[in-house]
Amino acid sequence: MNMLARLRGLIVEKGPEILALPVSFTPFPVKKVVLQQLLNWQFRHALSEGELDFLEGRYLGIEIADVNLRWITTLQKGRLTVSRDAEADVWFRGEANDLLLVAARKADPDMLFFQRRLVIEGDTELGLEVKNLMDAIELDAMPTPLRTGLQQLAAFVEAGMKQDAEAAEARVGISC
């Protein structure tokens with residue numbers, strides 16, 4: 001295995017842990033502004049078409065445990081808002097690399113759910129509506145800089161996870 005492949009595997013494995021430090025020190029009001037801008041930018045077409053109206057008065061929690069990032073979002077006056085204090089009706093929980101692969105369409109959320117790598121808790125009807133909306137979003141509808149960055153990062157993570165899995169398989173059967 002070459003040095004660059006090992007380095008990529010290490011970055012993919014430790015990246016969320018490294019990212020967790022600055023995320024935990026970032027004040028929530030800063031995270032809130034960034035998340036709201038990103039969500040409203042990404043979902044601008046769905047918002048204008050009324051596809052997110054089912055979130056009006058309902059609260060969706062997102063938790064990326066290995067990055068220490070969690071927030072609750074809802075629809076208010078036609079815009080997605082972010083808070084940390086509301087009571088979520090449904091929670092989506094997962095690890096950063098898995099959620100990144102789902103967002104880039106490189107991993108099937110149902111498969112991750114059955115492997116218990118993606119957890120949906122609470123109002124299952126709302127969770128299903130959110131999941132169906134996410135499945136319906138075309139990557140081409142994403143703003144180009146976001147789509148390009150997401151695809152490049154997902155390809156990097158996918159290759160690193162594959163390389164790490166292959167290395168683990170190679171270690172199987174080696175006596176200690």
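Residue indices begin at 1 and follow the sequence shown. Please read these numbers as outputs of a predicted model, since none were measured by experiment.
- In terms of heavy-atom proximity, T74 sits nearest to G57 at OG1-N, 3.8 Å.
- Taking each heavy atom of A20 and N68 in turn, the nearest pair found is CB-ND2, 3.7 Å.
- Side chain of K106 to backbone of E158: no donor-acceptor contact under 3.5 angstrom is found.
- With hydrogens and angles disregarded, a donor-acceptor distance shorter than 3.5 Å links the side chain of D89 to the backbone of Y59.
- Between L38 atom CG and F43 atom CZ the span is 8.5 Å, to the nearest 0.5 Å.
- In this structure a side-chain-to-backbone donor-acceptor pair under 3.5 Å is present from S48 to H45.
- Residues F54 and V130 have side chains in contact (heavy-atom distance under 4.5 Å, counting atoms from C-beta outward).
- A salt bridge links E121 with R93: at least one charged nitrogen is closer than 4.0 Å to a carboxylate oxygen.
- In the hydrophobic cluster analysis, where Ile, Leu, Val, Met, Phe, Trp and Tyr join through side-chain heavy atoms closer than 4.5 angstrom, V119 is grouped apart from W71.
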field: Residue pair V67, E17: steps toward the side chain to side chain contact (heavy atoms under 4.5 Å, CB included) verdict
entry: CA-CA 6 Å; V67 179; E17 184 180 320; over 6 Å; no
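- Distance check, rounded to the nearest 0.5 Å: CZ of R84 to OG1 of T73 gives 15.5 Å.
- The two residues G61 and A88 have their closest heavy-atom pair at N-CB, 3.8 Å.
- Considering all non-hydrogen atoms of both residues, L150 and L139 come closest at CD2-CD2, 4.3 Å.
- Counting heavy atoms from C-beta on, the side chains of D98 and V102 never come closer than 4.5 Å.
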field: side chain to side chain contact (heavy atoms under 4.5 Å, CB included) between I11 and F156, intermediate numbers included
entry: CA-CA 9 Å; I11 291 170; F156 183 87; 3.7 Å; yes
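- Considering T81, V82, L52 in turn, V82 is the only one that fulfils the side chain to side chain contact (heavy atoms under 4.5 Å, CB included) rule with L39.
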task: Kindly indicate, with the supporting measurements, whether the criterion side chain to side chain contact (heavy atoms under 4.5 Å, CB included) is fulfilled by N97 and M161.
output: CA-CA 9 Å; N97 289 334; M161 290 174 82; 4.0 Å; yes
task: Begin with the C-alpha distance, continue with both residues' side-chain angles, and end with the deciding distance and a verdict on salt bridge (Lys or Arg N to Asp or Glu O under 4.0 Å) for E129 and R58.
output: CA-CA 12 Å; E129 285 182 80; R58 299 173 85 188; 3.4 Å; yes
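- Under the 3.5 Å distance criterion, the side-chain polar atoms of D66 are left unmatched by any main-chain donor or acceptor of P16.
- Taking all atoms of both residues into account, the shortest heavy-atom contact from F92 to G127 is CZ-O, 3.4 Å.
- Cluster annotation: W91 is not connected to L99 through the hydrophobic network of ILVMFWY side chains, with a link wherever side-chain heavy atoms come within less than 4.5 Å.
- Not one N or O on the side chain of E63 forms a donor-acceptor pair closer than 3.5 Å with the backbone of R70.
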- request: Quick one: do Q42 and L146 satisfy side chain to side chain contact (heavy atoms under 4.5 Å, CB included)? Show the steps, please.
  value: CA-CA 8 Å; Q42 165 56 35; L146 182 60; 3.3 Å; yes
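- In this structure, the separation between CD1 on I120 and CG on L128 is 8.0 Å, given to the nearest 0.5 Å.
- Rounding to the nearest 0.5 Å gives a distance of 10.5 Å between CZ of R105 and CD of Q151.
- Other residues, nucleotides and ligands contribute over 12 non-hydrogen atoms within 6.0 Å of the CZ atom of R44.
- A continuous path of hydrophobic side-chain contacts links L69 to V90 [ILVMFWY only; heavy atoms under 4.5 Å].
- The shortest heavy-atom contact between L112 and A107 is CD1-CB, 4.1 Å.
- Side chains of E51 and D53 form no contact here, defined as non-hydrogen atoms less than 4.5 Å apart.
- Hydrophobic clustering places I62 together with L35 (ILVMFWY residues linked when any side-chain heavy atoms are closer than 4.5 Å, directly or through intermediates).
- Rounded to the nearest 0.5 angstrom, K131 NZ and L118 CG are separated by 9.5 Å.
- Distance alone, capped at 3.5 Å, places no donor-acceptor pair between the N40 side chain and the R79 backbone.
- To the nearest 0.5 Å, the span separating CG on L75 from CG on L47 amounts to 6.5 Å.
- Note: the hydrophobic cluster containing I18 does not contain L21 (ILVMFWY, side chain heavy atoms under 4.5 Å, direct or indirect links).
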